[in-house]
Amino acid sequence: MNHVNKLRVVKGYRPFDRRITFMTWHPKKPTVLAVGSKGGDIIFWDYNEPKHEHMINGQGPGGSIQAMKFDVVDPSKIYTASITGLVCKQDFYGRNTQVFLETDNKDHWYTSLDVSFTGKVMLAGDNKGYVRILSVDGEQISQIRLHKQKVTHAEFNPREPWLISTASIDHTVKLWDIRNVKPKPEALHILNHNKPVNSAYFSLAHGNRLLTTDQHSELRIYEGPLWNHARTIAHPHRQFQHLTPIKAYWHPLEDIVIAGRYPDPNFPGYTTAELRTIDFFDADTGKILTQIIPHFKNGIISLNRFDAIGNVMVSGMGWDILVWKPFYPDGQDEKEDDEPTKFKEAETPEHFIKKKRGGGKTKKID
DNA sequence: AGTGTATGTTCCC
DNA sequence: TGGGAACCCTACAC
């Protein structure tokens, strides 16, 4: 089966002066990922290295990276959508920028992005409820209002690239047939939620399930081909302005749901001992499989992404990138430490703890 | 320790 | 349909 319950943080890295807002793996290099920040910075990092090789500098406040997608045809380039109002494609140095969309209005920006390389089409959702459809070379095909409020997420089904999902603050997730785009399109399915929705991801293994994360306490699973509501998983992950929105995501090989927990005193069953874990659920049953937590630091973990083979997982925990690997103990005891840490360059928790043990002050965490 | 910074959502007129 | 205050209550720098 899987080894999700054997995961352990082997590295932490803090490359930015702001929160992490997005993470995605390189399509060809299995140890490389792109990470974006609240300030618009993007790094390309091989997690076997202590530091990133390239960083694209953002504008600081108001630059937040909302979505990124590597160009599969030329993986030295990446598409980005940000609060600056731009959708563009750049190389690792931030050069050779191709601008696809630009709002020129500080109150109007792009929130989501996906590219279908088989269909040669790209999608970008904005904060007003519109979705734009473009050819991969940037020719605009249409601009349609699919939601009443901000579109938080838009993506192509990996198996059927004509099928797209969109999620919105307007409490809905909608499924659309992109072949049938009219000025006033009708959704194939409207999936109503109780709260605003952060994301609606098709399952990575087969593409026949849809996983939604709302802004309060529901994870939902819908199943194709009719996209019936299969089940709801109660899970605390409420929205907060200064927290990167929590988005549950899929394991790449099995239908396992991965979600960061933000304990909520108002959530049924809450206890003061509840931790800011990463929770894993079986999508078939909705049952919790396991919970993991970094043993040396305690922050809310908004984003989690396994690599393509389901071996290494990276997490976005505030300003920190965590790298998790399966660990099979060979007898020695695990060291524990509550000391918060700061990563200037990637280091192992053990390395950090060793340094701290040499006479650092101790700080109590209530 | 105490304050300032950060572009998220709701509710009200 | 838009502007502004209230509210959600993290986590950093100085």
Side-chain angles (χ1 to χ4, degrees), chain A residues 12-22 35-41 58-67 80-87 102-112 124-130 145 147-153 167-173 193-199 213-218 235-247 260-267 270 272 274-278 293-294 296-303 315-322 338-344 361 363-366:
Chain A
Y13 188 28
R14 176 178 292 201
F16 306 124
D17 61 353
R18 286 192 162 68
R19 274 155 41 203
I20 287 154
T21 53
F22 203 86
V35 184
S37 87
K38 187 75 188 158
D41 300 330
Q59 65 164 45
S64 186
I65 301 297
Q66 300 289 90
T80 60
S82 77
I83 287 191
T84 57
L86 283 175
V87 171
E102 187 169 16
T103 61
D104 271 324
N105 173 352
K106 67 175 179 54
D107 298 322
H108 185 202
W109 64 86
Y110 294 97
T111 54
S112 50
D126 73 12
N127 66 332
K128 310 278 188 193
Y130 290 86
R145 186 151 202 210
H147 287 278
K148 292 191 181 115
Q149 287 165 271
K150 183 199 271 183
V151 177
T152 50
H153 181 76
S168 169
I169 294 304
D170 72 8
H171 293 34
T172 68
V173 168
H193 287 63
N194 295 320
K195 294 282 177 179
V197 190
N198 285 337
S199 58
T213 306
D214 77 353
Q215 291 195 350
H216 191 68
S217 56
E218 286 189 358
H235 180 264
H237 52 251
R238 89 201 103 116
Q239 160 73 195
F240 172 56
Q241 182 177 5
H242 303 301
L243 234 199
T244 297
I246 292 172
K247 295 176 177 179
R261 171 175 292 245
Y262 179 9
D264 180 354
N266 298 124
F267 184 75
Y270 170 83
T272 49
E274 205 170 320
L275 299 172
R276 296 162 166 187
T277 49
I278 301 170
I293 190 161
F296 61 101
K297 198 170 182 199
N298 182 227
I300 297 161
I301 299 167
S302 298
L303 305 169
S315 298
M317 181 177 76
W319 297 27
D320 295 323
I321 305 166
L322 305 178
D338 284 331
E339 185 75 21
T341 175
K342 294 185 178 187
F343 304 111
K344 288 182 198 80
K361 57 175 178 168
K363 185 176 167 186
K364 205 155 187 190
I365 297 174
D366 53 32

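Numbers restart at 1 for each chain; the letters A, B, ... are given by sequence-line order, proteins then strands.
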Given atom [atom1] of [X] and atom [atom2] of [N], what is their separation to the nearest angstrom?
X	N	atom1	atom2	value
A:Lys148	C:dG2	NZ	P	16 Å
A:Leu243	B:dT9	CG	P	12 Å
A:Phe16	C:dA11	CZ	C1'	17 Å
A:Gln241	C:dA5	CD	P	14 Å
A:Asp41	C:dC12	CG	C1'	15 Å
A:His153	B:dG8	NE2	P	18 Å
A:Ile246	C:dC9	CD1	P	12 Å
A:Arg19	C:dC9	CZ	C1'	13 Å

**OP:** Applying side-chain contact (heavy atoms from CB on, under 4.5 Å) between A:Val35 and each of A:Leu303, A:Ile321, A:Thr21, report the one that passes.
**Re:** A:Ile321
Heavy atoms under 4.0 Å, any strand shown: does [X] hit a base, just sugar-phosphate, or nothing?
X	result
A:Pro245	nothing
A:Tyr262	sugar-phosphate
A:Gly318	nothing
A:Gly299	sugar-phosphate
A:Trp319	sugar-phosphate
A:Lys106	base

Subject >> Polar side chain donor-acceptor pair, A:Thr172 to A:Asp170, under 3.5 angstrom >> reply: yes
Quick one: is [X] getting a side-chain N or O under 4.0 Å of the [N] phosphate, OP1 or OP2?
X	N	answer
A:Gln215	B:dT9	yes
A:Arg18	C:dA13	no
A:Arg238	C:dC9	yes

Original post:
If we take the C1' atom in both B:dT7 and C:dG3, what is their distance in whole Å?
Top reply: 15 Å
Subject >> Nearest-Å distance once atom C1' is located in both B:dA6 and C:dC8 >> reply: 14 Å
Subject >> Closest non-hydrogen atom pair between A:Val87 and A:Ala81, with its separation >> reply: CG2-CB, 4.1 Å
From [options], nucleotide with atom closest to [X] side chain:
X	options	answer
A:Lys297	C:dC12, C:dT10, B:dT10	C:dC12
A:Ile300	B:dG8, C:dT10, B:dT9	C:dT10
A:Ile169	B:dA6, B:dT9, C:dC8	B:dT9
A:Lys38	B:dG8, B:dT10, C:dA11	B:dG8
A:Ile83	B:dG8, B:dT10, C:dT10	B:dG8

Original post:
Is A:His242 stacked on the base of C:dA11, with ring centres under 5.5 Å apart and planes under 30° apart?
Top reply: no
Original post:
What about A:Gln239, does its side chain sit under 3.5 Å from the base of C:dC8 through a donor-acceptor pair?
Top reply: no
Original post:
In chain order, what residues pass the side-chain contact (heavy atoms from CB on, under 4.5 Å) check against A:Thr80, with sequence neighbours excluded?
Top reply: A:Ile42, A:Met68, A:Ile78, A:Cys88, A:Gln90
Original post:
Using the ring of each side chain (for Trp, its six-membered ring), is A:Tyr110 parallel, tilted or perpendicular to A:His108, with breaks at 30° and 60°?
Top reply: tilted
Subject >> A:Asn194: partners by side chain to side chain donor-acceptor pair (under 3.5 Å), with sequence neighbours left out >> reply: A:Glu218
